[in-house]
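All heavy atoms count here, side chains included; hydrogens, waters and symmetry mates do not. In what follows, residues are counted from 1 in the order of the sequence shown.
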Amino acid sequence: MALLQSLYGTSLALLTDLYQLTMAAAAFDSGLTGREAAFTLSFRKHPFEGGYTVAAGLDTALEYIELFRFSEEDLAYLAGLRDDLGAPLLKPGFLEFLRDLRLDVDVDAVPEGTPVFPYEPLVRVRGPIVPCMLLETPLLAIVNFQTLVATKAARICQAAQGEPVLEFGLRRAQGVDGSITAARAAYVGGCAATSNVLAGRLLGIPARGTHAHSWVMLIGDELEAFKAYARSMPGNCTLLVDTFDSLAGVRHAIEVGLWLREHGGRLAGVRLDSGDLAWLSQEARRMLDAAGLRDTAIVATNELDERIIESLKDQDAKANVWGVGTRLVTGAPDAALGGVYKLGAVRSPGGAWEHRVKVSEQTAKASIPGWLQVRRFQRGDEVVADMIWDELLGAPPERPLIVDPLDLTRRREVLPQESGVDLLVPAVRSGRVVAERPPLDAIRQRTGAELARFHPGVRRFVNPHRFPVGLERGLFDARTRLILEARGLAEDAGAS
């Protein structure tokens with residue numbers, strides 16, 4: 001799935017914020033390029049007021065790492081940048097350093113399709129400081145968006161209760177790249193197909209579609225328009241019935257469906273795109289069944305999302321295929337996943353690792369130091385708790401205590417009958433991709449299977465159960481100590 005190369009066919013090394021390059025230049029000028037760093041990518045809050053988030057985007061991120069090179073055109077552009085004094089922003093020596101730079105880092109990541117939770121590392125990066133710095137923005141851009149859309153898709157598919165959800169969002173997506181990556185993430189989240197033909201070709205996602213109102217308006221007569229379309233597409237005939245009057249459109253579709261049956265074709269479906277979808281779908285189902293077209297699907301569209309589909313299901317709507325566009329590919333109503341990329345530890349050549357922590361006036365924004373891993377515990381087939389632990393502190397106790405990072409009074413002891421497995425697995429070693437890269441179909445199946453292992457309360461849309469996630473007690477204590485030390489340093493600096 002060479003998505004980036006297929007889309008762009010050019011260097012994406014400049015897909016970064018300028019401050020990454022200026023920091024890298026300062027590190028180069030200061031002789032710090034030999035220093036190693038450990039970074040963690042995580043997020044602080046579930047999107048959509050939900051109880052889970054679905055990790056996505058890893059394969060695209062791995063491709064980015066594989067392809068990373070500064071081209072001569074990139075370097076020429078950087079050489080032309082000027083500071084406020086009119087001097088070159090980046091010195092020639094640093095540009096020569098970039099010419100030969102490779103992302104010789106180690107990356108571990110949670111496999112795509114895995115449910116994840118706030119503060120847990122989705123991706124961790126360790127290696128020379130400059131490559132680690134330059135990965136911050138592209139990793140966040142790739143993982144944040146695809147994780148947001150995959151989560152939205154999983155919620156919509158959950159509301160559809162196993163019925164097919166079609167991603168119809170190309171025309172409302174955030175640009176060309178947004179439409180392709182959204183189609184990918186929607187498929188990871190559980191969608192059955194996309195209307196986006198380019199995404200279908202590049203990613204192997206099934207392509208599906210109907211026709212527009214303009215087809216009926218072009219012919220002028222709805223029945224004649226349906227007949228013409230059916231003659232052209234006898235094995236792919238889903239008719240949009242609401243150009244003039246939805247139920248009259250259903251009657252016309254039935255006439256065409258019976259004609260198709262006589263001539264070896266099939267009316268695959270009718271699409272409802274406006275009005276009272278619950279009532280219209282019930283009437284359409286009654287009419288289709290009475291005509292003997294029981295296998296004709298009813299496709300519902302029109303600004304759908306998981307809450308509307310859930311409501312339609314509660315009203316006994318008879319739609320059984322769901323076309324979802326705008327609110328899926330844009331991740332509405334949330335504009336973005338709030339992913340962050342934080343430094344957890346550093347070491348000088350030949351030295352020991354030293355923890356680093358960011359302190360904030362907001363408790364939720366204080367970072368978690370270390371080389372972080374997530375251990376997921378289960379009892380039987382059900383997942384019951386997650387523990388974030390620091391590999392630099394050594395292996396956790398056999399029966400650890402998990403402490404909520406924001407509330408030290410919320411604690412959970414791992415029970416003897418609960419077994420654990422670490423979620424982050426090797427993805428890149430010394431710049432070379434070592435991870436298994438499963439096909440999208442396998443990732444899509446993983447999403448559904450993994451979500452099914454969680455209590456239904458975690459998956460509900462309104463007031464979901466808060467899944468237990470916390471820091472291993474030793475990490476919690478180490479983080480608290482580092483925060484207190486940092487606050488003491490800040491107070492001492494203020495006093496002086």
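Put simply, the side chain of Trp322 never gets that close to the backbone of Ile309: no donor and acceptor are under 3.5 Å apart. The backbone N or O of Ala228 lies less than 3.5 Å from no partner atom in the side chain of Ser232, so there is not a single donor-acceptor pair.
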Audit row: Arg208, Thr194, side-chain hydrogen bond (donor to acceptor under 3.5 Å, both in side chains) steps and yes/no: CA-CA 6 Å; Arg208 292 275 299 277; Thr194 179; over 6 Å; no
Full working for side-chain hydrogen bond (donor to acceptor under 3.5 Å, both in side chains) between Asn302 and Ser274: CA-CA 6 Å; Asn302 188 27; Ser274 60; over 6 Å; no
side-chain hydrogen bond (donor to acceptor under 3.5 Å, both in side chains) between Glu136 and Gln20, worked out: CA-CA 8 Å; Glu136 175 175 356; Gln20 311 291 358; 3.2 Å; yes
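Annotation: side chain of Phe454 is not in contact with side chain of Tyr52 (no heavy-atom distance under 4.5 Å). Taking 4.5 Å as the limit, some side-chain heavy atom of Arg99 sits within range of a side-chain heavy atom of Glu72. No side-chain heavy atom of Phe39 sits less than 4.5 Å from a side-chain heavy atom of Arg126. Side-chain contact between Tyr64 and Asp59 is absent, with no heavy-atom pair separated by less than 4.5 Å. Residues Val125 and Asp106 fail the side-chain proximity criterion, which asks for heavy atoms closer than 4.5 Å. Looking at Met217 and Thr243, their side chains come closer than 4.5 Å, going by heavy atoms from C-beta outward.
By the 4.0 Å N-to-carboxylate-O rule, Asp334 lies too far from Arg327 to be salt-bridged with it. Electrostatic pairing of Arg307 and Asp305 does not count as a salt bridge here, judged by no charged N lying under 4.0 Å from a carboxylate O. Using a 4.0 Å cut-off between a side-chain N of Lys or Arg and a carboxylate O of Asp or Glu, Glu306 and Arg459 do not qualify as a salt bridge. Arg172 has a carboxylate O that lies under 4.0 Å from a charged side-chain N of Glu303, or vice versa, which qualifies the two as a salt bridge. Taking 4.0 Å as the cut-off between side-chain N and carboxylate O, Asp29 and Lys91 count as a salt-bridged pair.
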What donor-acceptor contacts under 3.5 angstrom involve side-chain atoms of residues 41-49, with partners at least two apart or in another chain?
from	atom 1	to	atom 2	distance (Å)
Arg44	NE	Ala364	O	3.4
His46	ND1	Thr53	OG1	2.7
His46	NE2	Gly51	O	3.3

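One side chain, Gln146 or Thr60, offers a donor N or O that lies under 3.5 Å from an acceptor on the other. Between the side chains of Ser11 and Asp74, at least one donor N or O lies within less than 3.5 Å of an accepting N or O. Residues Asp104 and Ser430 bring no donor and acceptor atom of their side chains to less than 3.5 Å of each other. Checking Thr40 against Arg124 by side-chain atom types alone, no donor-acceptor pair falls below 3.5 Å.
For the salt bridge (charged side-chain N to carboxylate O under 4.0 Å, His left out) criterion with Arg437, the lone passing option out of Glu112, Glu66, Glu63 is Glu66. Looking at Arg375, Arg376, Arg466 one by one, the single match for salt bridge (charged side-chain N to carboxylate O under 4.0 Å, His left out) with Asp386 turns out to be Arg376.
The CD atom of Gln158 lies 8.0 Å from the CD atom of Glu310; values are rounded to the nearest 0.5 Å.
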